[in-house]
Protein chains: 2
Amino acid sequence: MRLSTRGHYGLKAIMDLALRYGQGPVALRSVAERQGISEHYLEQLIALLRQAGLVKGVRGAQGGYMLAREPEKIKVGEVIRALEGPIAPVSCVKEGDPVACDRVTYCRARTVWLRVRDAVASTLDSISLADLCREAEDVRKGGHNAT
Amino acid sequence: MRLSTRGHYGLKAIMDLALRYGQGPVALRSVAERQGISEHYLEQLIALLRQAGLVKGVRGAQGGYMLAREPEKIKVGEVIRALEGPIAPVSCVKEGDPVACDRVTYCRARTVWLRVRDAVASTLDSISLADLCREAEDVRKGGHNAT
DNA sequence: CAAATTCCTACAAAAATACTCGGAATTCGT
DNA sequence: ACGAATTCCGAGTATTTTTGTAGGAATTTG
């Protein structure tokens, strides 16, 4: 029931961009340094985000990456799907193209996976990058300090 | 965001036992055949369930496995935790012993993982094996046929 | 033109997963 | 008491996925 570092790193990275939204392109190297992630590896992750239309790259000197839309309009669910593929605890309930197992009709467990999938999806889809930015802001102002 | 076959197969297997609760021990071989899982591999999975106190083994001829408690008293969450370890999309929000990352205070994403974890956990903990048995019963009686 | 940077593809190392194998211990039925 | 059925145990292996590394081509700025 775990996320790979793709989702983990990738969300960190896109949040780094979200916090700098409107300030021009941000070089990947600086993101990698701030977040403590290998630059080359991060490059591959951000490529997934770009292909999904969530970030835009600007080539050349002084180039970098930026969000393709306002932080309000990007849901965490989109980010995770771009990085990790369709949300699905098991393949027979994959969003989009479920891979039917041969025993669908007899499978007693499927309803569990459906519910888990929906719980995860609706959680992720209810949070936007802007929401997370606001939270970051609260913390900076000395708000509640979660352990 | 995927479950390994441990959780997948393991839940199938324990459901097989749940549907035969009260009818004496069920040989692992028969479970493996019905569910289409390698017997040797299933053996290892059921060992996890036994160590977690969810099933009991009865050795010798005519032996087999049975639930250690009534199906009502076993939640799917316990089964999944026994097979896959603590529920945690990422290690810094692991149930029980979270592994703090060095950037906890600055991490903008952590709140997402906490919410996902809780959504998954509460979903899994709200379903008992008996619930799934009832559903199976409904289907057998020609109830609604999910795709 | 030089420096900075994205973009692309292929390869490689490490870790986790999904098994296989062989055999010891236990119990039942005869 | 014996043989068959079965759990129980630990070690080994194959496959897949994850997590990177490497090198360089393309693009833009100054």
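Just so we're on the same page: letters track the sequence lines, and every chain starts at 1.
Counting to the nearest Å, the P atom of dC9(D) and the CG atom of Leu45(B) are 15 Å from each other. Atom NE2 of His8(A) and atom P of dT19(D) are 11 Å apart (whole Å). Separating the CD atom of Glu39(A) from the C1' atom of dT6(C) is a distance of 10 Å, rounded to the nearest angstrom. Rounded to an integer number of Å, the gap from Glu33(B) CD to dT6(D) P is 11 Å. Whole-Å rounding puts the Leu42(A) CG to dT21(D) C1' distance at 14 Å. Tyr41(A) places its OH atom 13 Å from the C1' atom of dA13(C), with the value rounded to the nearest Å. Atom pair Leu49(A):CG and dC7(C):P shows a separation of 12 Å (rounding to whole Å applied). For the pair Arg2(A) CZ and dA15(C) P, the interatomic distance rounds to 13 Å; values are reported in whole Å.
Of the candidate nucleotides dT6(C), dC21(C), dC8(D), dC8(D) has the atom nearest to the side chain of Arg59(B).
Across the interface with DNA chain D, nearest-nucleotide mapping of Glu43(B) and Tyr9(A) shows Glu43(B) to be the residue nearer the 5′ end. In terms of position along DNA chain C, the nucleotide closest to Gly60(A) lies nearer the 5' end than the nucleotide closest to the other residue of the pair Gly60(A) and His40(A). With the nearest nucleotide of DNA chain D identified for both Gln62(A) and Arg6(A), Arg6(A) has the one nearer the 5' end.
A salt bridge is defined here as a Lys NZ or Arg NE, NH1 or NH2 lying under 4.0 Å from an Asp or Glu carboxylate O, and Asp16(A) with Lys12(A) fails to meet this definition. Electrostatic pairing of Arg115(B) and Asp118(B) does not count as a salt bridge here, judged by no charged N lying under 4.0 Å from a carboxylate O. Salt-bridge annotation for Arg6(A) and Glu84(A): absent, with no side-chain N of the basic residue lying under 4.0 Å from a carboxylate O of the acidic one.
Looking at heavy-atom distances under 4.0 Å, Ile46(A) makes no contact with the nucleic acid at all.
Dashed line: the shortest gap from a side-chain N or O of Ser4(B) to OP1 or OP2 of dT17(C) is not under 4.0 Å. Dashed line: the shortest gap from a side-chain N or O of Ser38(A) to OP1 or OP2 of dT21(D) is under 4.0 Å. Contact check, Arg50(A) against dC7(C): a side-chain N or O comes under 4.0 Å of OP1 or OP2.
At a cut-off of 3.5 angstrom, the base of dT17(C) holds no donor-acceptor pair with the side chain of Gln44(B).
In this structure a side-chain-to-backbone donor-acceptor pair under 3.5 Å is present from Ser128(A) to Asp131(A).
What you find for Pro89(A) and Arg2(B) is that their closest heavy atoms are O-CG, 3.4 Å.
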